[in-house]
Structure formats: C-alpha cells, structure tokens
There are 2 protein chains.
Amino acid sequence: MANSSATIRDVAKLAELSVASVSRVLNGHGNVHADTRKRVLKAMDTLGYVPNAAARSLSTARSHAIGIVLPDLHGEFFSELVRGMDMAASDANYMMLLSTMHADRERAIQALSAMRGRIDGAIVMAPQLSPEDLRRALPAGSPAVLVNSPEEDGQHHNLRIDNRGGVTLMVRHLLASGRKRIVHLAGVAENLDAVERKQAFCDTMKALAPELPVRVLDGDFTDTGAELLVQQLLASGEEFDAIFAANDMMALGALKVLRTIGISVPGQVAVAGFDDIPLASFLDLTTMRIEISDFGKRAVERLVAELSNDAPPATLERVTPTLITRATTASG
Amino acid sequence: MANSSATIRDVAKLAELSVASVSRVLNGHGNVHADTRKRVLKAMDTLGYVPNAAARSLSTARSHAIGIVLPDLHGEFFSELVRGMDMAASDANYMMLLSTMHADRERAIQALSAMRGRIDGAIVMAPQLSPEDLRRALPAGSPAVLVNSPEEDGQHHNLRIDNRGGVTLMVRHLLASGRKRIVHLAGVAENLDAVERKQAFCDTMKALAPELPVRVLDGDFTDTGAELLVQQLLASGEEFDAIFAANDMMALGALKVLRTIGISVPGQVAVAGFDDIPLASFLDLTTMRIEISDFGKRAVERLVAELSNDAPPATLERVTPTLITRATTASG
DNA sequence: CTGAAAGCGCTTACAG
DNA sequence: CTGAAAGCGCTTACAG
C-alpha cells in the first residue's frame, strides 16, 4: 500500500531478463551485453523504477548515509555546522540522518541506536556522552568522529576548536595595541570551550606579560549577563582598557554598556569577542572567527575517509580560529 | 565487517527461543509469556543487541523516517525551519533525512529518489520543482507536504507564508501612525514571496488609502542593494515618510543610510521590514514576524498526520505572520 | 554474458 | 503462547 512502486522483479519481467542482470546494470557492472543494458534501462524508465535503499542496505551492509547527532539546532552555529556537513556529505554522495539530543544523554544514546542499519558511520557532538556511553550507543566497529568531545577515548577522531591558539592570538593583538589592563569575560563554567578560553587567557597573560594584572569575570555567554558584569566593573572603579569576552554575545553586551555610559570604544576601552557571529561584522566587533561550516565539512570528510579505510589514525584535531580585527580594537 | 553486531538470530540462540519470539518482545506484542520476555530482554542486554533498521524497514515497508529536501541551509531561516521540523519529528518518533538541492532541479529529484526505501514521506521545499517533477521524484503514493511551492498540484498539502495578510497588517499600522508617503522596497523578482508582498502592497494601498501615492522600488533582498535604492530615492528629492522593505536586511540597509544622512527615524521616516531576523530585535526594527520554527513544525505535523491516514484533505495553507512594533515606527 | 539460488535481518500470518 | 517458514527487495558468488 504505502509502496506500490515497481521493484527490480518488475523491471526484470518487463525486460525479459533475470533480476541479476537488472541488478548488474543498476550497479554499473561491466559484464553486461550492450543490448541487455539497453533493455533494462528502457524497462526501468517506463516503470519509473527507483531501487529501494533499505533492501540494498540490507544486502550490502552499506547505507551510504551518515548519522549526525547534535545537542541542539538553535542558532547560527548549528546551521553553519550542518551546512558544512551537507557540503562534504553530498560531495561524497552520502545522505545525512539528523538527530538532536537536547542535552539529554539517554536520548543521544537512543538516537544513535535508532540509526543502526541506516548509517555507515556517525558524527557525534554530544558533550554529555562518556566514552562508555559511546561504546554502548555506537554499533560495534562502526566508525564515528566526535565533535567537541571533552574526553579522548583513543578510538575516535575528535575535532575541537583551538581555544588556546585563538586566545593567544587575541591577547597578543590587544597587547600589541598597547592595552595594559585586559579583563576577560568568561563563559558558562560547564562549557568546555569557556573553560579552555579562560584558562588560556590566564596562561597567556602570565607568559606574555607577567607584569600585568590578570582579571577574569565569570559570565554566562549572554549579552545581558555581560552587561551586568561590566556595570559592576564600572561601579567598582577598577581600571581597565580592554574587554576580551569569551564569545561575541558577551562582547556586544559589554559594548552596549560602554557606549551607553559614554566610554569611547576603542579609544578608552577596546572590546573583542570570540566566534564571529553575523552580528559581529554588522557591529564592527573585533573577534576570533571560527569557520564553522569548515568545521562541519572537516568532520564529514574525516568520517568519509574512515569509511573508505583511508584515514590516518584517530587523534584530537584542533581547528584554529583566525583573528578578525575591526573597529572595536582598531586604534592603538 | 562493517557490521559485526548481534542479530536477532544471536539473541534467539542465546535465549533458546525462536526469532519470532524475540521479534515479538522487540515489538511489544502482547502474546508473550512473562518468562520468555525476561529471557529475551536479558539476552538482548548481554549482547548489546540493537535491531537493524534497514531490515525492519524492508519487512514492514515502514522506515519511521521522513525526508527533508531544502534549497539550501544558509542562514537563520533554514536553521529555524529545521529546528521546528526536528521538534515535531522527534515528538512523533521519526528520524529526519536531510538533503539540500542548491537550486538544482535535477539534484532535488535525485535526492528524493535516493530516499526511496529510507523514508515514509517527505517535506519538500523546492520552488524549482514542477508538479510533474514531483510526480517523477516522489515514490508513487508516498505522502509529501510542500513548503513554499509556487504551484498547486491538488495532490499535496502546501504550506506558505501569508504574505498578503502580513503586508496588510503592516500597511495598516503605518497608515494608522499617520504615514502618507510609504515606499515599498521589493525583493528579488524571481522570489515568490517578494512578488506576493509587492503585489499585496499595491493592492492594500489602493484599497485602504486610494488617495495616497503607491511607490515601489525594486530591490534584491540585500542590505547593500537597499542602501543604493534609498540613496537614489533621497537624491531624487521625492518625498516619503515611511519605508516598508520586503525583508529585514533591506530595512536595515535603509536604516543605515537614513541615519548616516541624519534623517530621524521614526521622526521623519518610519522604517519597517519583514521576517524578524535576530538583527531586527537587536536594532529595534519594526517588522512582521514569521515564526519559522512553527512553520517547520506544522509541516512535519501535517506529514505525520498523513502518514497515520489522519489528515484533512490537502490544501494551500497560509501561515500568517504577526506584527512586531518597535522603535523604527513607534511614534505617530 | 546470463540466470537460479542463497542470503542480508527482520516481521508476520499460519499452525499447533 | 510459541515456532517454522515465507517474504520484504535487493546483491553476489556460483555455474554455465
């Protein structure tokens, strides 16, 4: 009922051949007589035949699809990530099976399980999942690449942002432009990137400018949260000539407060963020750009390489962001 | 090799039962002895058994997955659309197979074909596809809902934005706030929504304020394009007290020019857009909000209803946007 | 170059 | 309540 379409058997019948022959031309095998091929093609055409992927998967143990498990789908980050994945996947002729876990560990495991038989491998961005969870969820021996996974399991390739490299570039830039009192607005403490950025900020300051104070305020990645922090900072009377936020939204919050108060940016205070969201370029914010779609593309390319047994050993791979200098730090 | 996982046969062997019994507990059928169930469950657990979806699809002719074909994945619109679809899909326990067509007609047809056997139905947003193409691409009799399809084929449900309704609300709002000379910045001529908005603008003006001039400038949906248009408009010396752009990006371009020139908004000129992108709220732009995630959600819900043979007849369904009044039109 | 047959991993009448 | 068997639509050795 649901599927009243023609099958390979119908094609064979119409072409007066065996299903084996039909299958051969379907898969482009060489050993087929030109005339046979022609008859098959014609029959397929008149019947509007399209092979059934499930049947094919079952006999080849290959689905030509990859599973994607993401924590969420909210915002530019994920849409760019998926876009990059899509580019690489369609280049390599793979379909994408998408699933979100909404920060729910059990759900991620289920999603992955439900993909068994449908996918040849998976890309998993699920910070909550332990290596043990992954072992449970991933079909045994099925390739997977992790994105932003906190732990290494020695089994899977793991793609992460080079937070240390990015922070170092930005701190260097701020110091080079003469800033002496840089305040770092950190992101939510549970976020791995936030933690790495904060740590990297402290380390880099100590390494590059041991004489300068290292100031960190703990934020939550939101603009409104950052506004409060900056207001408190101003109220405290503490001096500062640069704010380096762990993401752009916080940087924008900071900007808003400074401008409202009448503090000139970058004259009195430089402001910088991290991510390069669309708003950043619109509002001329200096930031670290993560080419997120590249990130997704890399992940799929790596997975595809693994699927072709054509991949170097799994490692932790860091993708370094690039410094985008704009008006909020432009002057010296 | 790729799939060395346990099969139903392994479970049956370990539990010393037939595969039929295993299948029954797997599918929660009632007619199973409690003890049998227990043994099966235990065997599944020790083997880490997960059923193979391809095999299951093949025998049930049901995949519990839906296909999504989108023109692109760029930007907020698509990420929100997919997010809404994901919500509805996971609620209804369906997986999503995602594919983009990049404005390529043949590619969309291929993508849809490649989904045969993997999906129970599809959501297709592919303006380029004719009803005839769809008939070719969609597995015969397989349900599909269209999103933003220009043509009705009488077969499939079609979800579209209520451009006329939205434009009417906005024009009414502008007129109510005393605007007399409203300029409409139209979007790209090939875009169906752009065309509808433009037409609706002209019609609404004629209907609600026949004495007022109807002014339309043809734009391209970009902020930079709109900047040029507004500069030309200013240079022409023509008077106007409101700009209603066919999308937010153009409205923002207009805003930029007006502010640069020193024209007060909304004092001298009101500015309004369409879409309610994140930038709009950030920059306090009056606009028509399309709840895009709802749009995606509706599409999937409709499809799921069709899959359960539980849907009213297919129609053209319009989703009406809501007016979001903000600072750029606030005063009288 | 071609066909008959087994098999991929499930589900589901059909008997019992 | 349970099992043997057929069948879902393909692919792929194996003969010929």
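Quick caveat, the model's predicted, so the values are computed rather than measured. In what follows, every heavy atom counts, from backbone to side chain, and hydrogens, waters and symmetry copies are set aside.
- When the C1' atom of D/dT11 is taken as reference, atom CG of B/L58 falls 12 Å away, rounded to whole Å.
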Could you go through residues 16-24 of chain A and list every donor-acceptor pair under 3.5 Å that involves a side-chain atom there, pairing it with any protein atom two or more places apart or in another chain?
residue, atom, partner, partner atom, Å
A/S18, OG, A/A20, N, 3.3
A/S18, OG, A/S21, N, 3.3
A/S23, OG, A/N27, ND2, 3.3

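- For residues 32-50 of chain A, proximity to DNA chain C is found at A/V32, A/H33, A/T36, defined as any non-hydrogen atom under 4.0 angstrom from a strand atom.
- B/H156 places no side-chain N or O within 3.5 Å of a backbone atom of B/L146 that could act as its donor or acceptor partner.
- We find that CZ of B/R9 is positioned 13 Å from C1' of D/dG3, with the value rounded to whole Å.
- Between the CZ atom of A/R118 and the C1' atom of C/dC10 there is a distance of 13 Å, given to the nearest Å.
- Comparing atom distances between the B/I8 side chain and each of C/dT11, C/dG3, C/dC8 picks out C/dT11 as nearest.
- The CZ atom of B/R116 sits 12 Å away from the C1' atom of D/dC8 (whole-angstrom rounding).
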Quiz item: How does DNA chain C read in dot-bracket, base by base from 5' to 3', with Watson-Crick or G-U pairs under 3.5 Å and | used when the partner is on another strand?
Solution: |||.||||||||.|||

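- In this model, the phosphate group of C/dG9 is not approached by any side-chain N or O of B/T7 to a distance below 4.0 Å at OP1 or OP2.
- With sequence neighbours excluded, the residues forming a side-chain contact (heavy atoms from CB on, under 4.5 Å) with B/E152 are B/N158, B/L316, listed by chain and number.
- Around atom CZ of A/R9, no more than 12 heavy atoms belonging to other residues, nucleotides or ligands sit under 6.0 Å away.
- Contacts of B/N191 classified as side-chain contact (heavy atoms from CB on, under 4.5 Å), with partners at least two apart in sequence or in another chain: B/V188, B/D193, B/A194, B/F221.
- For A/R56, counting side-chain heavy atoms from C-beta on, the closest listed nucleotide (D/dT11, D/dG9, D/dT2) is D/dT11.
- Summarising the geometry, the separation between CG on B/N52 and P on D/dC10 is reported as 17 Å, rounded to the nearest angstrom.
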Side chains of residues 290-309 of chain A: which donor-acceptor pairs under 3.5 Å do they make with residues two or more places apart or in other chains?
residue, atom, partner, partner atom, Å
A/R298, NE, A/E317, OE2, 2.9
A/R298, NH2, A/E317, OE2, 2.6
A/R302, NE, A/E306, OE2, 2.8
A/R302, NH1, A/P312, O, 2.9
A/R302, NH2, A/E306, OE2, 3.1
A/R302, NH2, A/P312, O, 2.8
A/S308, OG, A/V304, O, 2.7

May I have the list of side-chain donor-acceptor pairs in residues 126-134 of chain B shorter than 3.5 Å, sequence neighbours left out?
residue, atom, partner, partner atom, Å
B/S130, OG, B/E132, N, 3.3
B/S130, OG, B/D133, N, 3.0
B/S130, OG, B/D133, OD2, 3.3
B/D133, OD1, B/R105, NH2, 2.9
B/D133, OD2, B/R105, NE, 2.6
B/D133, OD2, B/S130, N, 3.1

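- Sorted by first and then second residue, the ring-ring contact (aromatic ring centres under 6.0 Å, His included) pairs involving residues 16-56 of chain B (not counting sequence neighbours) form an empty list.
- Atom NZ in B/K13 sits about 13 Å away from atom P in C/dC10, given to the nearest Å.
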Polar atom pairs (N or O), protein with nucleotides 12-16 of chain C, under 3.5 Å:
none

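- The distance from atom CG of B/L17 to atom P of D/dC1 is 14 Å, rounded to the nearest whole Å.
- Residues meeting the side-chain contact (heavy atoms from CB on, under 4.5 Å) test with B/R37, sequence neighbours left out: B/V25, B/V32, B/L41.
- For A/D45, the salt bridge (charged side-chain N to carboxylate O under 4.0 Å, His left out) criterion is met by no residue, not counting sequence neighbours.
- In this structure, of D/dC1, C/dT11, D/dC10, it is D/dC1 that holds the atom nearest to the side chain of B/N31.
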Tell me which donor-acceptor pairs under 3.5 Å the side chains of residues 90-99 of chain B have, and how far apart each pair is, sequence neighbours excluded?
residue, atom, partner, partner atom, Å
B/S90, OG, A/R107, NH2, 2.8
B/S90, OG, B/D86, O, 3.2
B/S90, OG, B/M87, O, 3.4

